[in-house]
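The first residue of the sequence shown is numbered 1, and numbering continues consecutively from there. This one's a predicted model, so the numbers in the text were calculated from it and none came from an experiment.
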Amino acid sequence: MSEDQRERFAPAGGRIMGGVGLALALLVVGIGVLDRDADIPTWTIVLAALVGLLCWAAMLRPRVSLVGDRLELRNMLETVSIPLAAIEELAVRQLLAVRAGDRRYVSPAVGKSRRQLRRPPSGPATDVDYADFVEGRIRQRMDDARAVAGIRLGSAEQVALGREVRRSPAWPELVGVVLLSVALVVSVVL
């Protein structure tokens, strides 16, 4: 799989509430900016913009993808790219948790509800939960990447490969949160 080909996994939940929150925030901002007769205070417009940005970042932005020989965890304010062969442990509970290079990385994009975690499996063996499917797919790609690289699980090479984890901040979201927070404080004070 080349770098430009991605295997993306749909987020487990929160998409509807995130979309509703973002739509409501945009509605308040739109009315406040376009209809000055509505008499909406500036701080309310700025707060709605901040809430909309936070809805986007927390509920709509997170995603788990397989990109080439790496696992990409796109979270609220950063993206973490982990070599698949470096992953020592993987678990899907309420969050997807990965350990690589003796560090732990999590993503809220794939997970199970508390009810799913407590409920014993029922139905035919062919029924596969989506979170279990994602976990199985990632495990398969981890095993393939280790086999291709000739790396044993728990070896010194695997730990060394864990140092190749890349973290990149989500600059638009970070800058937006800072600017809107400052604007909110200024609009409340003035």
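In the hydrophobic clustering, Met17 connects to Met59, either directly or through intervening members, whenever side-chain heavy atoms lie under 4.5 Å apart. Within the hydrophobic cluster formed by Ile, Leu, Val, Met, Phe, Trp and Tyr side chains joined at under 4.5 Å, directly or through other members, Val148 stands alone, with no partner residue.
To the nearest 0.5 Å, the span separating CD1 on Ile82 from CD on Glu88 amounts to 10.5 Å. The line from CG of Leu54 to CE of Met76 is 5.0 Å long, rounded to the nearest 0.5 Å. With rounding to the nearest 0.5 angstrom, the CG atom of Leu53 is 10.0 Å from the CG atom of Leu179. Note that the CG atom of Leu180 and the CD1 atom of Ile45 stand 12.0 Å from one another [nearest 0.5 Å].
Between Arg141 and Asp144 there is no salt bridge, since none of the side-chain N atoms of the basic residue sits less than 4.0 Å from a carboxylate O of the acidic one.
Of all heavy-atom pairs between Val92 and Gly111, the closest is CG1-CA, 3.9 Å. The shortest heavy-atom contact between Val28 and Ala48 is CG1-CB, 3.6 Å.
Leu84 and Val165 fall within the same hydrophobic cluster, where Ile, Leu, Val, Met, Phe, Trp and Tyr residues are linked whenever their side-chain heavy atoms come under 4.5 Å apart, directly or through other members.
Not a single donor-acceptor pair under 3.5 Å links the side chain of Ser155 to the backbone N or O of Ile151. Using a distance-only test at 3.5 Å, with no hydrogens or angles considered, a donor-acceptor pair links the side chain of Arg70 to the main chain of Ser81. Panel note: side chain Gln158, backbone Ala85; a donor-acceptor pair is recorded below 3.5 Å.
The side-chain hydrogen bond (donor to acceptor under 3.5 Å, both in side chains) search around Glu164 returns none, not counting sequence neighbours.
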Does Phe9 form a side chain to side chain contact (heavy atoms under 4.5 Å, CB included) with Leu66? I'd like the steps, not just the answer. CA-CA 8 Å; Phe9 301 107; Leu66 291 168; 3.9 Å; yes
Report, one line per pair, each donor and acceptor closer than 3.5 Å where one atom sits in a side chain of residues 100-108; sequence neighbours left out.
| from | atom 1 | to | atom 2 | distance (Å) |
| --- | --- | --- | --- | --- |
| Asp102 | OD1 | Arg99 | NH1 | 3.2 |
| Ser107 | OG | Asn75 | OD1 | 3.4 |
| Ser107 | OG | Ala109 | N | 3.2 |

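A side chain to side chain donor-acceptor pair (under 3.5 Å) check over residues 46-61, counting only residues at least two apart or in different chains, returns the pairs Trp56-Glu173, Arg61-Thr79, Arg61-Glu173. Screening residues 71-83 for salt bridge (Lys or Arg N to Asp or Glu O under 4.0 Å), with sequence neighbours left out, gives Arg6-Glu72, Glu78-Arg167.
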